[in-house]
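The structure under discussion appears below in the form of C-alpha cells.
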Amino acid sequence: MDATNSPLLELLCEEHPLTRAEAWALICSAPKRYKTHYIEKRNGRGRRLIAQPTAELKTIQRWVISKFISTMPVHAVATAYRQNKNIADHARVHAKNKYLLKIDFKNFFPSIQARDFIEHAIRHLGINTRLAEELSLLLFRRDENNNLSLSIGAPSSPAISNTIMYEFDCQLLDYCTTREITYTRYADDLALSTNHPHELDKANEFVQKLLKIIRYPTIAINPDKTVFTSRKYQRQLTGLILSNGGTVSLGRERKRTIRAMADHYRKETLSPELHAQLKGWLAFSLSVEPGFVHKVRAMMGEAYYLKLISFGASELPAP
C-alpha cells in the first residue's frame, strides 16, 4: 500500500497541520507508536500489558473517534464507556431478579483485531476497504505476534470495543428477550438475570455457541470467572452489591472505608496521595447511593467537602 489515492491521507492533511509526507509517515508507522508497560491485575492474577500511544497518535485517534467511530452503532445493553452511564446502570436492572449469571471475556481488548474493525467499518460506515484498512492502522497496535490488535491504553479502544460487539449484543438480547432474561454488558463483563430457574444454564450454553458462530470478533469466555448465583447468596456485580430488596449498594466494607478516609481528611490526617482517591470514591458513590454521600458530606463539613470536590457544590444538592 502506498500513498497514491489514499483517502485518509487527504483527510488528515485537510484537518491537521500535517504535510502529505508527514501524514503518510504517521499512517504507516502508527501501529508501532506505542510505549508499553505492565500493571498488576487485581487479586494477584498476573500482569496486564498497557500500550500507550504517543501523544501525537492519541490526538489523531481522538479525531478518528469524533469523525468515524462516533457514528457507528452501539447497542443499548452496553453500559461502559458511554456518557451518562456507569456500572450502577449495569447492575441496577438486575437487582430485582432472583437468579444471576456473570460471564467474563478472556483478553477482551487484545482479542479484537484490525480485520474485525475493517469488516465492521465497511458494513456500518459504508466506506471502502482502502479507507477502512488505513483507519485500522491508526487504531490498532502491532503486537508481539505481529498482529494488529486493540491495545489497552489507547483512547480509541473503548469506543471501538463497544461498536465491534454490536452484532453479538443484538443476537444475545434477541435470545434473552424471548426467554424473559435481562441482559447488559459492561465492557468484558456480561450480566444475565431472570426469575425463571434453569434458564441461565441454557443462556450460558447459547453464549458459548454464539461466540463460535459470530463473524467477529474472535473472543473466548474466561471459565474461571463464570458465576451462577441467586438471592440465597450475596450477589455482587462489577463491585456493587445487589440487595434482596431490589436495590444496588456500595456494600458495607466500601462505605466503611470511604467514611474512614473522609474522617481522616476532615482531621487533616489523610495522606495527600489519597485525596484524589477519596474524591473519586465520592464521585462514584454519588451515582450509586447519593444518600450515603450526603451523610459523608455532613460529617466532613461543608468547607472540607468543597475543598476536596473541585467540581463544586452545584454537583450535589445540599442535604
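Throughout, residue positions are numbered sequentially from 1 according to the sequence presented. All values below were derived from every heavy atom in this structure, side-chain atoms included, with hydrogens, water molecules and symmetry-related copies excluded. All values derive from a computational prediction rather than experimental measurement.
In this structure a side-chain-to-backbone donor-acceptor pair under 3.5 Å is missing from Ser161 to Phe109. In terms of modelled atom types and a separation under 3.5 Å, the side chain of Thr247 and the main chain of Ser243 share no donor-acceptor contact. A donor-acceptor pair under 3.5 Å is absent between the side-chain atoms of Arg231 and the main chain of Tyr99, judged by distance alone. Side-chain N or O atoms of Thr229 include none that pairs as donor or acceptor with a backbone N or O of Leu100 at under 3.5 Å. No donor-acceptor pair under 3.5 Å is formed between the side chain of Arg141 and the backbone N or O of Pro53. Between the side chain of His196 and the backbone N or O of Arg179 there is no donor-acceptor pair closer than 3.5 Å. Panel note: side chain Lys85, backbone Ala78; no donor-acceptor pair is recorded below 3.5 Å. With hydrogens and angles ignored, the 3.5 Å screen pairs no side-chain donor or acceptor of Ser66 with any backbone N or O of Trp63. Listed for the Asn162 side chain is a donor-acceptor partner under 3.5 Å among the backbone atoms of Ala80. Thr163 places a side-chain N or O within donor-acceptor distance of the main-chain N or O of Pro73, the cut-off being under 3.5 Å.
Hydrophobic clustering (ILVMFWY, side-chain heavy atoms < 4.5 Å, transitive): Met261 and Leu286 are in one cluster. A continuous path of ILVMFWY side-chain contacts below 4.5 Å connects Phe117 to Leu211, so both sit in one hydrophobic cluster.
In plain terms, the two heavy atoms of Pro155 and Ile65 that are nearest each other are O-CD1, 3.5 Å. Summarising the geometry of Tyr34 relative to Leu138, their closest heavy-atom pair is OH-O, 4.3 Å, with the distance given to 0.1 Å. The two residues Ala95 and Arg235 come nearest to each other via the heavy atoms O-NH2, 3.3 Å. Here the shortest heavy-atom pairing between His90 and Ala191 reads CE1-CB, 3.6 Å. Nearest heavy atoms, Ile112 versus Phe140: O-CE2, 3.6 Å.
For the salt bridge (Lys or Arg N to Asp or Glu O under 4.0 Å) with Glu289, the qualifying choice from Lys295, Arg252, Lys255, Arg92 is Lys255, the only one to do so.
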Next item on the list: With side chain to side chain donor-acceptor pair (under 3.5 Å) as the test, would you mind laying out the steps for Asp189 and Thr238 before giving the verdict?
Entry: CA-CA 8 Å; Asp189 292 312; Thr238 51; over 6 Å; no

Notebook entry, point to check: After noting the C-alpha distance and the side-chain angles of Glu180 and Asn195, does the key distance pass the side-chain contact (heavy atoms from CB on, under 4.5 Å) rule?
Noted result: CA-CA 8 Å; Glu180 297 184 332; Asn195 287 316; over 6 Å; no

Check: Can Met300 and Tyr265 be said to form a side-chain contact (heavy atoms from CB on, under 4.5 Å), step by step?
Finding: CA-CA 8 Å; Met300 292 177 67; Tyr265 182 84; 3.5 Å; yes

Checklist line | Gln113 and Ile118: CA distance, side-chain angles, deciding distance, side-chain contact (heavy atoms from CB on, under 4.5 Å) verdict | finding: CA-CA 9 Å; Gln113 302 289 300; Ile118 292 168; over 6 Å; no

Margin query: Using side-chain contact (heavy atoms from CB on, under 4.5 Å), reason through Phe168 and Leu210 one step at a time and then give a plain yes or no.
Written below: CA-CA 8 Å; Phe168 173 88; Leu210 179 58; 3.6 Å; yes

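The side-chain heavy atoms of Leu101 and Ile181, taken from C-beta on, include no pair separated by under 4.5 Å. His37 places none of its side-chain heavy atoms less than 4.5 Å from the side chain of Lys35. In this structure, the side chains of Tyr183 and Leu190 come closer than 4.5 Å at one or more pairs of heavy atoms. At a threshold of 4.5 Å between non-hydrogen side-chain atoms, the residues Leu11 and Phe68 count as touching. Residues Leu282 and Leu278 have side chains in contact (heavy-atom distance under 4.5 Å, counting atoms from C-beta outward). Ser285 has its side chain within reach of Ile258: a pair of non-hydrogen atoms, C-beta onward, lies under 4.5 Å apart. With a 4.5 Å cut-off on side-chain heavy atoms, Val296 and Arg259 count as touching. The shortest distance between side-chain heavy atoms of Ile50 and Gln52 falls below 4.5 Å.
Between the side chains of Thr182 and His94, no donor N or O sits under 3.5 Å from an acceptor N or O. Residues Ser149 and Asp143 bring a donor and an acceptor atom of their side chains to less than 3.5 Å of each other. In the model, Tyr186 has no side-chain atom that pairs as donor or acceptor with a side-chain atom of Asp89 under 3.5 Å. For the residue pair Glu56/His16, the side-chain donor-acceptor check at 3.5 Å is not satisfied.
To the nearest 0.5 Å, the span separating CE on Met299 from OH on Tyr304 amounts to 12.0 Å. Atoms NZ and NZ, on Lys232 and Lys98 in that order, are 10.5 Å from each other to the nearest 0.5 Å.
Here Glu253 pairs with Arg256 in a salt bridge; the nearest charged N to carboxylate O distance falls below 4.0 Å. Between Lys209 and Glu205 there is no salt bridge, since no side-chain N of the basic residue sits under 4.0 Å from a carboxylate O of the acidic one. Lys267 has a carboxylate O that lies under 4.0 Å from a charged side-chain N of Asp263, or vice versa, which qualifies the two as a salt bridge. A salt bridge between Arg123 and Glu119 is present, with a side-chain N of the basic residue lying under 4.0 Å from a carboxylate O of the acidic one.
Residue Tyr166 qualifies as open at atom OH: its count of foreign heavy atoms under 6.0 Å is 12 or below. Heavy atoms of other residues, nucleotides or ligands lying less than 6.0 angstrom from CZ of Arg215 number 12 at most. When the shell of 6.0 Å around CG of Asn5 is examined, it contains 12 or fewer heavy atoms from other residues, nucleotides or ligands. Crowding of Lys58 atom NZ: a count of heavy atoms from other residues, nucleotides or ligands under 6.0 Å exceeding 12.
Using a 30° and 60° split on the angle between ring planes, His124 and His120 fall in the tilted class, from 30° to 60°. The aromatic rings of Tyr175 and Phe206 sit parallel, their planes meeting at an angle under 30°, below the 60° perpendicular limit.
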